[in-house]
Amino acid sequence: MNDQFLQTAESLKPQLTSTEITLKNSDARPLKEGESEVFDFGNHYVGYVSISFASQGSHPDAPALIKVTFGETLRDIEEDTSDYRSWISRGWLQEETVHLDILPCTLALPRRYAFRYAKVEVIAVSSKYSLVINSLSARAVTSAPEEIELCGNTKRERDIDRVALCTLSECMQDVFEDGPKRDRRLWLGDLRLQALANYCTFAHNDLVKRCLYLFAATADDEGRISACVFTEPQVAPDDTFMFDYSLLFIPTLAEYYHATGDRAAAEELLPLALKQLDLAEKNMDNFVVRDSSVLGWCFLDWNLALNKQAGAQAVYIYAAKAAADLCRDLGLDPSDCERRAKCASDAAVKAFYDSLKGLFASGKDGQVSYAVNVWFVLAGVLTKEKNAALLKRLQSYEGAIKPVTPYMYHYYVQALIDSGLKDEAKAVMLSYWGAMLDVGADTFFELFDPENPEASPYGSRAANSYCHAWSCTPSYFARKYFCKRS
Ligand code: RAM
C-alpha cells in the first residue's frame, strides 16, 4: 500500500448529506399471518430505513416474525427468491427476516439499502393480535453536492437526463460506487464513466481524485492496478485484475487532468498509469494480445458469448494513445507511447481485420461483435470515414454479438459520435435509455438487453442492480454533444 497516495485519498473523503423521508401509513390495515403491505417512497433512494409497528387486539402474546424486502423496482419485491440460483451471493438480496419481541416498537434496520419500494410481510403472528405498520422513514444519503438543472431539447430527453442524474447521484457515496445495491464499491471501468458525467454535472472533482488515489494506493508490488477497491473496514484492493480496466486508468487520469488542470496529481500518478502499458504487454506477443484462453479477464461487456481478444487489443491502443496525449499535455515526450500505439495498430490490422467482412473479428473463429468493432473505432485505427463505414457494416452484419450493458452502449454511442454519425448516436441513446424509461426506470440499470429485459449474466435477475452508475452517461452526452445551447 502506498501510504502517501492513501493519505491523499483519505484527505478527500466526502461529507455525506442526509435527507429524511417519512411515509405515514394513515389507513393502516391490521395484518394477520401471511398478509403483507407494499410501500412506495415515490423515487429511488439510498439510505437507512426505520419502521414503526404497533398491534391491535389482545396484548401480544408471541413475537411477530416479519420479512422486509426492499426493491429498486416493483419487480424486485414481487420476485420469489426462495429458489434463488446465481453465482453472485444471495447475501446481496435486500431482504431481512426479523423478530419483533415487544410491540409497539421502531425497527431501525442497520443495513443501507437502495430502494424505491419496501414490502413488509407477516410470516408469523399469534391469533390473538394483528400487526399494524404505522410509518416508515428513510434517511437518504449521498455525496452529490446539489441538484443540477436538467438538459434536453424535449421532455423525453429531459426525462432521460433526470434519471441519469439520479443514477449518478445515488452512486456518489464515500466513493463513486458502481451500484448502491450491489457491489457498492469502486470499480475502475465504472469510475471512468461516472467521472465523465460528473465533470459536466455535479463537478465533485475531488471525489474523482480520491478514487484515482485509492486505485493508485492499492496497486500491487508490480504496479498492477486492481479492477476494484474496497473501502471497508479499511482500504484494500480486490484480487481481481482486468486487462481493460487497468488500462482505463490512463484515460481516466487524462480526463481528470483536462477537467481540473490538477497538474500535480497528473504528474504524480503518470508513472503508475504508464506502467499499465508495460503490464498489458506481458499479455501480448509482438504487440498482439494473446488468445482469450490465456488472456485472463478482460471485461468489455457482460455478454457472456463475447470473445475478448481483439477488443483487448483495441483498448490497449486506445490507452497508449491517451497516454501519449497526456504526456504531450504535460510537456513530456510522447514518442514512446506513440510508438507502442503504432506497433499495436499495425499488428491489429494484420491480426484482426477481416477484409472480406470489412470488420474486425476476434478469436480463432473470427467472431464479429459490437464491442470489438466499437473499441477499434474509439482507438482510431482506421480513418474517421472508414470508421463510419465500418459501423454501418457492423449494423447490418447478421449475428454480430450485441452489447447488453449501458456500459458498452456508452462506448457505442461515443464511437458513432467520433465517426461523425452524431444524429444516429443520439437516436441510439434515446432508444436504448428510453426503453428503460418505458419499463419504469427511476434510475438506469446495470444490464439491459431490450430483446431480453429479464436477462442476467449472474443467472438470476434478482442479482442485477437497477441503479448502476455506468448507465449515467446520457447526462454527459446531452451536455457535451446533443443539447442545444440557448
Ligand atoms: C459488475 C460490477 C461492476 C463492473 C463489473 C465488471 O459486476 O457491478 O459494475 O465493473 O461487473
Side-chain angles (χ1 to χ4, degrees), residues 44 46 72-73 76 84 86-94 112-114 164 167-168 170-198 208 211-212 214-215 218 224-232 237-252 276 292 295-308 311-312 315 319 371 375 403-411 436 441 443-449 455-473:
H44 188 282
V46 175
E72 298 193 287
T73 65
D76 288 339
Y84 174 83
S86 165
W87 57 270
I88 294 262
S89 165
R90 75 171 294 136
W92 285 117
L93 298 184
Q94 302 193 107
R112 198 199 70 189
Y113 301 100
T167 307
L168 177 58
E170 295 285 85
C171 296
M172 289 169 75
Q173 301 292 336
D174 177 54
V175 292
F176 279 102
E177 292 183 8
D178 60 333
K181 170 190 158 189
R182 204 218 82 239
D183 308 325
R184 303 166 56 145
R185 57 182 174 266
L186 174 61
W187 285 84
L188 224 170
D190 309 55
L191 170 66
R192 194 224 170 170
L193 301 193
Q194 288 171 292
L196 282 178
N198 166 74
V208 182
C211 294
L212 285 167
L214 284 172
F215 279 113
T218 53
R224 281 197 304 172
I225 298 180
S226 166
C228 145
V229 171
F230 300 94
T231 49
E232 301 286 355
D238 193 1
D239 52 8
T240 299
F241 296 90
M242 279 148 68
F243 183 92
D244 50 344
Y245 274 28
S246 300
L247 286 168
L248 289 175
F249 186 79
I250 302 170
T252 311
Q276 305 316 303
S292 32
L295 174 62
W297 194 10
C298 173
F299 175 61
L300 304 182
D301 189 31
W302 264 125
N303 192 323
L304 298 175
L306 183 63
N307 184 293
K308 316 284 180 80
V315 174
W375 271 107
V404 296
T405 57
Y407 175 78
M408 193 57 226
Y409 266 92
H410 163 90
Y411 287 116
M436 284 187 258
T443 48
F444 289 126
F445 310 161
E446 174 187 20
L447 304 136
F448 185 64
D449 177 356
S456 168
Y458 310 123
S460 165
R461 73 155 298 287
N464 294 355
S465 147
Y466 290 90
C467 172
H468 218 70
W470 66 20
S471 65
C472 72
T473 58

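First listed ligand is number 1; within each ligand, the first listed atom is number 1.
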> Within a strict 4.5 Å, meaning less than it, do heavy atoms of the M436 and Y466 side chains meet?
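A side-chain contact under 4.5 Å is absent here.
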> Can you spot which of E177, Q94, E446 makes a side chain to side chain donor-acceptor pair (under 3.5 Å) with R182?
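Looking at E177, Q94, E446, the match for R182 under the side chain to side chain donor-acceptor pair (under 3.5 Å) is E446.
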> Between S226 and D238, is there a side-chain donor-acceptor contact under 3.5 Å, judged purely by atom types and distance?
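No.
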> Distance under 4.0 Å to a non-hydrogen atom of Y458: what atoms of ligand 1 satisfy this?
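Counting atoms of ligand 1 from 1, those under 4.0 Å from Y458 are 1 (C), 7 (O).
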> Among all protein heavy atoms, pick the one closest to atom 10 (O) of ligand 1 and tell me residue, atom and distance.
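Minimum-distance protein heavy atom for atom 10 (O) of ligand 1 reads D190 OD1, 2.5 Å.
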> Are D190 and Y245 side-chain neighbours, meaning at least one heavy-atom pair lies under 4.5 Å?
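Yes, close enough: below the 4.5 Å cut-off.
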> Has the side chain of T252 got a donor or acceptor atom that lies under 3.5 Å from a matching backbone atom of R192?
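Not a single qualifying donor-acceptor pair exists.
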> Check this for me - ligand 1, W297, N or O atoms closer than 3.5 angstrom, yes or no?
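Checking ligand 1 against W297, no N or O pair falls under 3.5 Å apart.
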> At a 4.0 Å threshold, what atoms of ligand 1 neighbour a non-hydrogen atom of W470?
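Close to W470: 4 (C), 9 (O), 10 (O).
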> Looking only at distance, does H468 have an N or O less than 3.5 Å from an N or O of ligand 1?
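Such a contact does occur with ligand 1.
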> What distance do L193 atom CG and W470 atom CH2 have between them, rounded to the nearest 0.5 Å?
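L193 atom CG to W470 atom CH2 measures 9.0 Å (nearest 0.5 Å).
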> Hey, which atoms in ligand 1 end up nearer than 4.0 Å to a heavy atom of Y245?
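Selected atoms, number and element: 4 (C), 6 (C), 10 (O).
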> Decide whether an N or O pair under 3.5 Å exists between R182 and ligand 1.
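There is such a contact, yes.
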> Report yes if the side chains of D178 and H468 come closer than 4.5 Å at any heavy-atom pair, otherwise no.
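Yes, close enough: below the 4.5 Å cut-off.
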> For atom 8 (O) of ligand 1, what is the closest protein heavy atom, and at what distance to 0.1 Å?
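For atom 8 (O) of ligand 1, the nearest protein heavy atom comes out as D178 OD2, 2.6 Å.
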> Check each heavy atom of Y407 against ligand 1 and say whether those closer than 4.0 Å belong to the side chain, the backbone, both or neither.
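It is neither part, as no heavy atom is under 4.0 Å.
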> Does a side-chain heavy-atom distance below 4.5 Å link M242 with W187?
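Yes, their side chains come closer than 4.5 Å.
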> Identify, by atom number and element, the atoms of ligand 1 in contact range of D183, meaning under 4.0 Å from any of its heavy atoms.
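This gives 2 (C), 7 (O), 8 (O) as the contact atoms.
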> I'd like to check which ligand 1 atoms, numbered from 1 as shown, lie under 4.0 Å from a non-hydrogen atom of W302.
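By the 4.0 Å cutoff, the relevant atoms are 1 (C), 7 (O), 11 (O).
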> List every atom of ligand 1 that sits less than 4.0 Å from any heavy atom of M242, numbering the atoms from 1 in the order shown and giving each element.
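Checking each atom against M242, I get 6 (C).
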> With heavy-atom distances below 4.0 Å as the criterion, list the atoms of ligand 1 near E446.
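What qualifies from ligand 1 is 1 (C), 7 (O), 8 (O).
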> Pick from Y411, F299, F243: which one makes a ring-ring contact (aromatic ring centres under 6.0 Å, His included) with W375?
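Answer to the ring-ring contact (aromatic ring centres under 6.0 Å, His included) test with W375 among Y411, F299, F243: Y411.
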